[in-house]
Peer 1: 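The structure that follows is given in the form of structure tokens.
Proteins come first, then strands; the chains are lettered A, B, ... in the order of their sequence lines, and each starts at number 1. Note that the structure is predicted; figures quoted are calculated from it, not measured.
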Protein chains: 2
Amino acid sequence: MPKPTFLNLSKEKQELLINAAKKEFSRVPLHEASISNIIKDAGIPRGSFYQYFEDKEDIFFFLFDEDSRRVNELFISIIKINNGDLFASFVDLFKSILISFDEPGNRQYIKNIFLNMNYKIEKTFTKNFFEENVKSHFSELNGLLNSENLNITSEEEMFHILKIMIVVMIQNLVHVFATELPIHEAMATFSLEIDLLKKGFYKGT
Amino acid sequence: MPKPTFLNLSKEKQELLINAAKKEFSRVPLHEASISNIIKDAGIPRGSFYQYFEDKEDIFFFLFDEDSRRVNELFISIIKINNGDLFASFVDLFKSILISFDEPGNRQYIKNIFLNMNYKIEKTFTKNFFEENVKSHFSELNGLLNSENLNITSEEEMFHILKIMIVVMIQNLVHVFATELPIHEAMATFSLEIDLLKKGFYKGT
DNA sequence: TAAAAAAATGACAACTTGTCATATAGAAAA
DNA sequence: TTTTCTATATGACAAGTTGTCATTTTTTTA
């Protein structure tokens with residue numbers, strides 16, 4: 001979380017820093033990013049940076065939390081369009097993220113994030129779907145989704161299904177960003193895996 | 001990959017370095033690890049380190065590749081015990097890994113790895129199950145697994161099922177290591193997710 | 001035993017990072 | 001409008017890091 005001092009800054013100065021940070025996080029992943037580069041690019045003195053943020057993780061997660069919140073909003077709207085169809089919604093979300101990857105300024109930034117998707121980053125990404133502080137939010141999601149055709153007996157199972165869908169989607173995204181797989185191939189693979197999840201791995205005899 | 005010079009070293013000197021590295025990777029995750037600490041602990045001059053390894057990633061993956069190879073061997077033996085039952089085997093593997101986590105020297109080392117499980121680490125872990133250079137190995141796995149009761153129509157689907165099972169297992173492991181969840185609770189959660197995967201998310205109407 | 005190749009060594013330049021004493025600006029009080 | 005107090009800005013600095021490379025030492029080869 002940025003310190004209050006940062007929030008008191010003018011929008012312009014805030015953006016100056018944000019842009020410099022995004023540029024650095026596009027160049028290299030978080031753990032290789034250099035605060036020196038960010039302040040040089042933003043043209044602010046070193047001491048000021050530490051007046052605004054704890055460290056580079058702090059500014060990184062400030063950016064990323066915003067990004068993942070946007071993805072979540074997108075997901076909510078996609079679910080509505082699909083009348084609560086969980087599977088169709090994930091396929092659409094997947095495609096939307098792939099398309100945004102092809103937008104000019106995003107490519108390296110997104111790639112650096114996904115190829116270094118560790119616990120903390122994944123948790124930030126996922127918590128906007130349903131966690132602790134957002135518990136009420138999970139209910140919102142739960143209300144939007146059509147669970148009629150889902151093979152579940154409790155809300156807990158619904159939670160685990162979502163968890164699995166998300167991790168499978170993330171894994172597919174990582175794979176795409178790592179191998180620069182064309183969109184249509186990525187879509188085919190992801191759809192195949194979603195189908196497997198739908199029908200189940202086990203064939204009762 | 002270590003340089004030839006390292007492999008020419010006596011086993012004792014190799015272990016000296018390996019142990020120092022493992023100690024450092026137990027203290028902090030890879031990206032925070034310091035070569036200075038490793039060489040100080042091993043009592044070798046700085047230049048020597050670079051004679052043996054490219055950088056800290058190099059020695060990290062030398063260790064981790066060995067670790068994940070051991071896990072794979074374990075997995076193979078577990079499958080045999082379970083007569084090729086994919087689901088039972090994953091549950092057993094999950095439990096084995098949890099138990100090894102409770103062994104003294106391992107705890108922090110394993111935790112640091114799983115909480116920073118990025119693409120490269122996951123790929124190293126996974127490749128020993130079935131990838132490119134080990135393609136023949138996937139066939140071995142494929143031969144061991146009992147696919148009679150699996151809901152698949154091709155070897156490709158089998159590959160995707162394995163991929164999903166692994167990523168779900170990893171996600172559960174990460175969760176356990178992050179929250180210090182007791183083994184029995186972890187087992188319950190993982191079993192529940194495996195059951196969901198078995199029966200499928202979609203209820204045909 | 002002399003020459004050539006391989007390995008060991010540690011000082012060094014070129015970076016990092018986070019801190020802190022000091023300077024400056026802004027707001028509140030007198 | 002001064003004075004006082006508080007918040008912010010600043011950049012030099014200590015303490016650390018990394019990878020390199022000229023030299024020395026050891027081992028092989030001829």
Peer 1: Looking only at the aromatic ring of each residue, does the gap between the centers of A:Phe62 and A:Phe6 stay below 6.0 angstrom?
Peer 2: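 For A:Phe6 and A:Phe62, the ring centres are under 6.0 Å apart.
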
Peer 1: Going by an N to O cut-off under 4.0 Å, is there a salt bridge joining B:Glu73 and B:Arg70?
Peer 2: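 So B:Glu73 does not pair with B:Arg70 through a salt bridge.
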
Peer 1: Rounded to the nearest angstrom, tell me the gap between atom CD1 in B:Ile39 and atom P in D:dG16.
Peer 2: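 Computing the B:Ile39:CD1 to D:dG16:P distance gives 14 Å.
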
Peer 1: Please state how far atom CD1 in A:Ile44 lies from atom P in C:dG18, giving the value in whole angstrom units.
Peer 2: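 About 14 Å, once rounded to whole Å.
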
Peer 1: Is the terminal nitrogen or CZ of B:Lys199 (NZ for Lys, CZ for Arg) located under 6.0 angstrom from the six-membered ring centre of A:Tyr202 and within 45° of that ring's axis?
Peer 2: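 Here B:Lys199 fails the 6.0 Å and 45° test against A:Tyr202.
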
Peer 1: So, is A:Tyr52 close to the D:dT8 phosphate, meaning a side-chain N or O under 4.0 Å from OP1 or OP2?
Peer 2: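 So the side-chain polar atoms of A:Tyr52 never come under 4.0 Å of the phosphate oxygens OP1 or OP2 of D:dT8.
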
Peer 1: Need to verify one output field. Residue with the more 5' nearest nucleotide on DNA chain C, B:Lys13 or A:Ala33?
Peer 2: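 Looking at DNA chain C, the more 5' nearest nucleotide goes with B:Lys13.
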
Peer 1: Rounded off to whole Å, could you give me the CD-to-C1' distance for the B:Glu24 and D:dT17 pair?
Peer 2: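 Distance, rounded to whole Å: 12 Å.
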
Peer 1: Nearest-Å distance, CZ (B:Phe53) to P (C:dA7)?
Peer 2: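 One finds 14 Å between P of C:dA7 and CZ of B:Phe53, rounded.
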
Peer 1: Take the protein atom CD of A:Glu32 and the nucleotide atom C1' of C:dC15, then report the distance between them rounded to whole Å.
Peer 2: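 Rounded to whole Å, this separation is 14 Å.
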
Peer 1: Just N and O in the side chain of A:Ser36: are any of them under 4.0 Å from OP1 or OP2 of C:dT17?
Peer 2: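 Yes, such a contact exists.
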
Peer 1: Within the structure, does a side-chain N or O atom of B:Ser48 lie under 4.0 Å from either OP1 or OP2 of C:dA8?
Peer 2: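 No, no such contact exists.
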
Peer 1: How many whole angstroms separate atom CG of B:Leu17 from atom P of C:dA7?
Peer 2: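 About 15 Å, once rounded to whole Å.
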
Peer 1: Please give, in whole Å, the distance from D:dT8 P to A:Leu7 CG?
Peer 2: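 Taking CG of A:Leu7 and P of D:dT8, I get 11 Å after rounding.
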
Peer 1: Verify the distance criterion only: is there a donor paired with an acceptor across the side chains of B:Asp67 and B:Tyr109 at less than 3.5 Å?
Peer 2: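 Yes, B:Tyr109 and B:Asp67 have a side-chain donor paired with an acceptor closer than 3.5 Å.
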
Peer 1: Taking only residues two or more places apart in sequence, or in another chain, which ones meet A:Asn118 in a side-chain hydrogen bond (donor to acceptor under 3.5 Å, both in side chains)?
Peer 2: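 Listed in chain order: nothing, the list is empty.
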
Peer 1: Is there any ring pair (Phe, Tyr, Trp, His ring centres under 6.0 Å) pair reaching into residues 7-39 of chain B, and which pairs are they, with sequence neighbours excluded?
Peer 2: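 Found A:His31-B:His31, B:Phe25-B:Phe60.
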
Peer 1: Checking all strands, does B:Ser34 fall into the base, sugar-phosphate, or nothing category for heavy-atom contacts under 4.0 angstrom?
Peer 2: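 Since only primed, P, OP1 and OP2 atoms lie under 4.0 Å of B:Ser34, the category is sugar-phosphate.
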
Peer 1: Whole-Å distance between C:dT22 P and A:Gln51 CD?
Peer 2: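 These atoms are roughly 17 Å apart.
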
Peer 1: What I want to find out is whether A:Glu180 reaches A:Lys111 closely enough, with some N-O distance under 4.0 Å, to be called a salt bridge.
Peer 2: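 Salt bridge flag = yes for A:Lys111 with A:Glu180.
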
Peer 1: Closer than 4.0 Å, any side-chain N/O of B:Asn8 to the OP1 or OP2 of C:dA7?
Peer 2: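 B:Asn8 to C:dA7 OP1/OP2: side-chain N or O found under 4.0 Å.
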
Peer 1: What N/O pairs connect the protein and nucleotides 19-25 of chain D at under 3.5 Å? Give each pair on its own line.
Peer 2:
unit_1 : atom_1 : unit_2  : atom_2 : d
D:dG19 : OP2    : B:Tyr50 : OH     : 2.4
D:dG19 : N7     : B:Arg46 : NE     : 2.9
D:dG19 : O6     : B:Arg46 : NE     : 3.2

